[in-house]
Amino acid sequence: GNLIMSKRLTKKEKVLNLLSKGKNVTWKTLRKRFDLNSPTAMIHTLRKEGHAIYRNMTPSGVAFRLGTPTKSMIAAGIVAVLGADQAYQS
C-alpha cells in the first residue's frame with residue numbers, strides 16, 4: 001500500500017502556529033510545551049525572520065503575541081535593510 005509521509009513540524013514551526021492563533025502565549029507555556037531552554041531566543045529568531053511578535057506583561061508573567069507590524073516598524077526595517085536613501089519620504 002501507499003505510505004503517506006508527513007513532515008514533522010519543527011519546534012519553531014509549532015511555536016509560530018501557536019502564536020498565529022492571536023492569543024497571548026506565556027513564556028512558561030513556551031518553555032514547558034515545546035521544551036525550550038530559552039523561549040526568548042526562539043522569539044528573537046522569529047522576529048529576525050520578520051514576524052511581528054510583541055512582548056506583554058500579564059498577571060501570569062511575560063507573554064508573547066503575534067501581531068501586525070506598524071508603519072514605523074516597516075519603515076525602520078526598510079532603513080535597516082536597504083539604507084536611509086531607500087526609505088519612503090512622505
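Below, all heavy atoms of this structure are taken into account, side chains as well, without hydrogens, waters or symmetry copies. Just so you know, residue 1 is the first one in the sequence shown, and it goes up from there. Keep in mind that what you see is a predicted model, and the values were worked out from it rather than measured.
Side-chain contact between Met57 and Val62: present, with at least one pair of heavy atoms (C-beta onward) separated by less than 4.5 Å. Side-chain contact between Met42 and Leu30 is absent, with no heavy atoms from C-beta onward closer than 4.5 Å.
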Determine, stepwise, if the pair Glu49 / Thr45 fulfils side-chain contact (heavy atoms from CB on, under 4.5 Å). CA-CA 6 Å; Glu49 291 177 358; Thr45 299; 4.0 Å; yes
Show your working on side-chain contact (heavy atoms from CB on, under 4.5 Å) between Ile43 and Arg47 and close with a plain yes or no. CA-CA 6 Å; Ile43 295 299; Arg47 284 178 176 153; 3.7 Å; yes
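Shown here for Asn24 and Ala63, the closest heavy-atom pair between the two residues is CB-CB, 3.8 Å. Contact detail for Leu46 and Lys12: the closest heavy-atom pair is CD2-CG, 3.5 Å. Between His51 and Leu66 the shortest heavy-atom distance is CB-CD1, 4.0 Å. Considering all non-hydrogen atoms of both residues, Ser20 and Asn17 come closest at OG-O, 2.7 Å.
Other residues, nucleotides and ligands contribute over 12 non-hydrogen atoms within 6.0 Å of the NZ atom of Lys11.
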Mind listing the side-chain donor-acceptor pairs of residues 31-38 below 3.5 Å, one per line with the distance, residues two or more places apart or on another chain?
unit_1 : atom_1 : unit_2 : atom_2 : d
Arg31  : NE     : Leu36  : O      : 3.3
Arg31  : NH1    : Leu36  : O      : 3.0
Ser38  : OG     : Ala41  : N      : 3.2

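Under the rule for a side-chain hydrogen bond (donor to acceptor under 3.5 Å, both in side chains), the partners of Thr10 that lie at least two apart in sequence or sit in another chain are Glu13.
Of the possible polar contacts, one joining the Tyr54 side chain to the Thr68 backbone as a donor-acceptor pair under 3.5 Å is found.
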